[in-house]
Amino acid sequence: MAYWLMKSEPNCFSIDDLAARPDQTAGWDGVRNYQVRNMFRDQMRIGDQAFFYHSSCAVPGIVGIMRIVSDAYPDPTQFDPRADHYDPKSTPEHPRWLQVDVKFECKFARPVTLATLRAHQERLKGLQVLQPGNRLSVTPVREDHWHYILQLAS
DNA sequence: GCCAACGTTGGC
DNA sequence: GCCAACGTTGGC
């Protein structure tokens, strides 16, 4: 089983939004980056766990945990001309973008902020979200990092 | 709102 | 295939 970190802007889709969904499950749509698409397709598996990270907000950081509950499948928003992430070059016959379904697992009582992660960067060396210029919205998390961050949340 | 990083696009 | 222009991300 693998571990991930997935970013979302909370004013767009927050961990509370996920928890409020029917079955606390939602499609992680809107990804328009080939590296992330390939990760969805080639590396992410049902049962994997992911940190929910709030980005572009007052206090960026990890706010909880979710689980991957589907294989990768075409992101329906790419075909919808009214959707923000509509892609006119994509067709249902040859979909370009994929998504996975994620299910809420828990929300941390205390978020692990980006500042906290930075304060522990010696122990979290190699965590992609701490690397300058990191822009991927989905990144793998090493198992030892995963468990260390869980301790920071408790 | 600024700005650095970096992915994508498109002309050649 | 190169590379400049452009757009997006995301912290501050």
Side-chain angles (χ1 to χ4, degrees), chain A residues 2-21 26-44 48-68 71-102 104-142 144-146 148-153:
Chain A
Y3 299 100
W4 305 92
L5 181 147
M6 299 169 74
K7 296 180 195 171
S8 180
E9 299 184 18
N11 61 3
C12 175
F13 185 74
S14 73
I15 192 163
D16 294 323
D17 295 329
L18 177 60
R21 287 295 181 92
W28 199 265
D29 59 19
V31 169
R32 297 293 181 267
N33 175 282
Y34 289 105
Q35 281 180 262
V36 174
R37 180 202 61 185
N38 295 347
M39 269 191 276
F40 281 167
R41 186 188 61 199
D42 302 332
Q43 294 174 258
M44 203 172 260
D48 287 356
Q49 285 182 294
F51 286 133
F52 197 125
Y53 180 95
H54 282 175
S55 67
S56 293
C57 56
V59 185
I62 298 168
V63 293
I65 296 176
M66 54 197 169
R67 195 173 290 272
I68 310 306
D71 290 319
Y73 64 98
D75 175 348
T77 67
Q78 71 194 296
F79 310 125
D80 179 357
R82 291 159 306 174
D84 284 345
H85 297 98
Y86 173 59
D87 184 346
K89 294 180 187 161
S90 189
T91 65
E93 293 73 31
H94 296 97
R96 178 178 291 199
W97 305 112
L98 302 175
Q99 67 180 44
V100 296
D101 289 344
V102 297
F104 174 85
E105 288 224 321
C106 72
K107 181 178 173 180
F108 294 155
R110 294 185 312 133
V112 181
T113 66
L114 180 58
T116 301
L117 293 171
R118 288 229 174 91
H120 292 262
Q121 58 189 335
E122 274 305 301
R123 183 60 186 74
L124 294 173
K125 200 158 285 205
L127 186 68
Q128 286 193 37
V129 80
L130 291 181
Q131 276 159 19
N134 145 74
R135 291 178 45 194
L136 285 185
S137 60
V138 178
T139 49
V141 175
R142 266 166 37 196
D144 61 317
H145 288 163
W146 177 272
Y148 188 75
I149 291 167
L150 283 186
Q151 287 179 15
L152 296 178

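Just so it is clear: chains get the letters A, B, ... in the order the sequence lines come, proteins before strands, and each one is counted from 1.
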Which pairs pass salt bridge (Lys or Arg N to Asp or Glu O under 4.0 Å) with one or both residues in residues 112-141 of chain A, sequence neighbours excluded?
-> Glu122(A)-Lys125(A), Arg123(A)-Asp144(A)
Specify the residue among Tyr34(A) and Gly133(A) whose closest nucleotide of DNA chain B lies further upstream toward the 5′ end.
-> Gly133(A)
Between Lys89(A) and Asn33(A), which has a closest nucleotide on DNA chain B that is more 5'?
->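 This one resolves to Asn33(A).
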[X]: which residues meet the side-chain hydrogen bond (donor to acceptor under 3.5 Å, both in side chains) condition with it, sequence neighbours left out?
| X | value |
| --- | --- |
| Asn38(A) | Arg41(A) |
| Tyr34(A) | Arg96(A) |
| Gln43(A) | none |
| Asp71(A) | none |

Which letters describe nucleotides 5-12 of chain C, given B = protein heavy atom under 4.0 Å from base, S = only from sugar-phosphate, - = neither?
-> --BBSBSS
